[in-house]
Amino acid sequence: MSEHNFDLVVLGGGSGGYAAALRAAELGSTVALIEKDKLGGTCLHRGCIPTKALLHAAEVADSARESAKFGIRATLDGVDMTQVGGYRDSIITSKWKGLQGLVKARGITVVEGEGRLVGAKTVQVGDDRYTGANVVLATGSYSRSLPGLEIGGRVITSDQALQLDFVPGKVAVLGGGVIGVEFASVWKSFGADVTIIEALPHLVPNEEESISKQLERAFRKRGIDYKLGVRFQSVAQHENGVVVTLENGETVEAELLLVAVGRGPATQGLGYEEAGVTVDRGFVITDERLRTSVPGVYAVGDIVPGLQLAHRGFQQGIFVAEEIAGLTPIVVEDVNIPKVTYCEPEVASVGYTEAKAAEKFGADRVSAYEYNLAGNGKSHILETSGSIKVVRVNDGPVVGVHMIGARVGELIGEAQLAVNWEAYPEDVAPFIHAHPTQNEALGEAFLKLAGKPLHAL
Ligand SMILES: Cc1cc2nc3c(=O)[nH]c(=O)nc-3n(C[C@H](O)[C@H](O)[C@H](O)COP(=O)(O)OP(=O)(O)OC[C@H]3O[C@@H](n4cnc5c(N)ncnc54)[C@H](O)[C@@H]3O)c2cc1C
């Protein structure tokens, strides 16, 4: 047994953990980063990056299929999933190498192996013990299933879905949240028949209702089927496929069932509770400064209750490193973190929905305006439909922005600035947006709410 001492020990090298390690090292700490698999975690290897590579390939397939509309003669002769997989993996490998180089350049000690908390501030890996003046827990999450619904065979999660080397003829997707709709979108573009099953009344049910409804219309138009407000009951697997039975007695037959019902925290068996860290239903409980119940032990990323997003993990990792260094960083609430669902069309939002803003600030104190992308030149060129809705407090700031349309994820940065800086529409309405861009649509909504509409009534 050998003992090693560091200023900071980070358990888990995903988005949250490696961000904490990078920032702490930059601030002069000695850092050990313990990872049992690959640096970069879920986001790089099984999440954000591979899904977006598939979504881009899907967009290329759609462009080929729809090229005649634009006077371009091209045909879609097929989708070679082996080559698509090669493209996906080349991006992952390149980003992974980049991350390894960055971690090395910052002088971080990477420890390969499975770690376990064996004392308040000590992590054991094999026979070695790593003790930190501070410790960051960042062990991430796993794909959850429903009670009685076993993963295996033709019942898969996003982990297996990302590795498929063929396009299924027909897929059932259990869960109409972000992961479910992204895979539905990809598979439809690659030529599969897709049915989404969602227990709540809408797809992407955490989004503004008018945006969810537009996504449902867009999916219907694309031929993606969905069953809303109905619960899954059981699944039977047979040689060539699955039969999914719903609580209302309906059945859905498919080659595969993707289970996309959320992600659970990966905290079991890691010694957290034994070390005195408070855990509730698997999640590590922290205060707003990400301190756990054990002094000097912090938690970041998907194991902390709230939004499970890579950029939240990055932000929390940076926050903790700065907090430890005594820099007193600003707390960012989940509501102020931008969210993007990268299906076609994309959905993006930050801040409160109109209904939530009405609850928080009072219905009579809130106004909203939804600009239809039909009025935007660039949206027309991109042949996309959708809208941008801005919610404000009357005589007060912008508190929410919600959008749907092709590539609107790229527009959420400006919306996030407005919401986080508590800007009034009157403050941001004078910003000049390049023409023709879809950004102009956000500007139009700000102008309207500031009482000086340009291309709006
Ligand atoms: C299909 C899919 C698509 C997604 N798309 C997006 C997206 O587009 N945008 C977005 O923001 N988010 C997306 N996410 C979510 C994002 O991937 C997660 O929010 C993010 O990875 C969480 O970071 P983390 O550091 O908390 O955990 P992880 O990235 O899961 O990292 C945890 C790391 O800890 C390691 N580990 C666990 N236990 C131990 C142990 N005992 N010892 C050593 N190492 C250990 C794991 O191997 C892993 O590398 C997606 C997720 C999925 C599944």
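Basis for what follows: all heavy atoms, side chains included, without hydrogens, waters or symmetry-related copies. Just so you know, ligand 1 is whichever comes first in the structure, and atom 1 is the first atom listed for that ligand. Since the model is a prediction, treat every value here as computed from it, not as a measurement.
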Lys36-ligand 1 polar pair, N/O distance under 3.5 Å: yes
His56 and Tyr87 aromatic ring geometry - parallel, tilted or perpendicular at 30°/60° bounds: tilted
Salt-bridge contact Lys52-Glu182 (side-chain N to carboxylate O under 4.0 Å): yes
Spacing of OG1 belonging to Thr139 relative to CD belonging to Glu114, to within rounding of 0.5 Å: 10.5 Å
Protein heavy-atom partner closest to atom 8 (O) of ligand 1 - residue, atom, separation in Å: Lys52 NZ, 2.6 Å
Under 4.0 Å to a heavy atom of Gly301 - the qualifying atoms of ligand 1, by number: 26 (O)
Minimum-distance protein heavy atom relative to atom 38 (N) of ligand 1: Thr139 CG2, 3.4 Å
With sequence neighbours excluded, residues passing side chain to side chain contact (heavy atoms under 4.5 Å, CB included) with Lys95: Leu44, Ile91
Protein heavy-atom partner closest to atom 35 (C) of ligand 1 - residue, atom, separation in Å: Glu35 OE1, 3.2 Å
Closest approach of any protein heavy atom to atom 29 (O) of ligand 1, naming residue and atom: Thr42 N, 3.0 Å
Identity and distance of the protein heavy atom lying nearest atom 32 (C) of ligand 1: Ala138 O, 3.4 Å
Main-chain N/O of Val118 paired to Thr122 side chain as donor or acceptor, under 3.5 Å: no
Taking atom 51 (C) of ligand 1 as the reference point, the nearest protein heavy atom with its distance: Gly47 CA, 3.9 Å
Part of Asp302 within contact of ligand 1 (heavy atoms, under 4.0 Å): both
Closest protein heavy atom to atom 9 (N) of ligand 1, given as residue, atom name and distance to 0.1 Å: Cys48 SG, 3.7 Å
Residue, atom name and distance, where the atom is the protein heavy atom closest to atom 25 (O) of ligand 1: Gly16 N, 2.9 Å
Mode of Leu162 contact toward ligand 1 - side chain, backbone, both, neither (heavy atoms, under 4.0 Å): neither
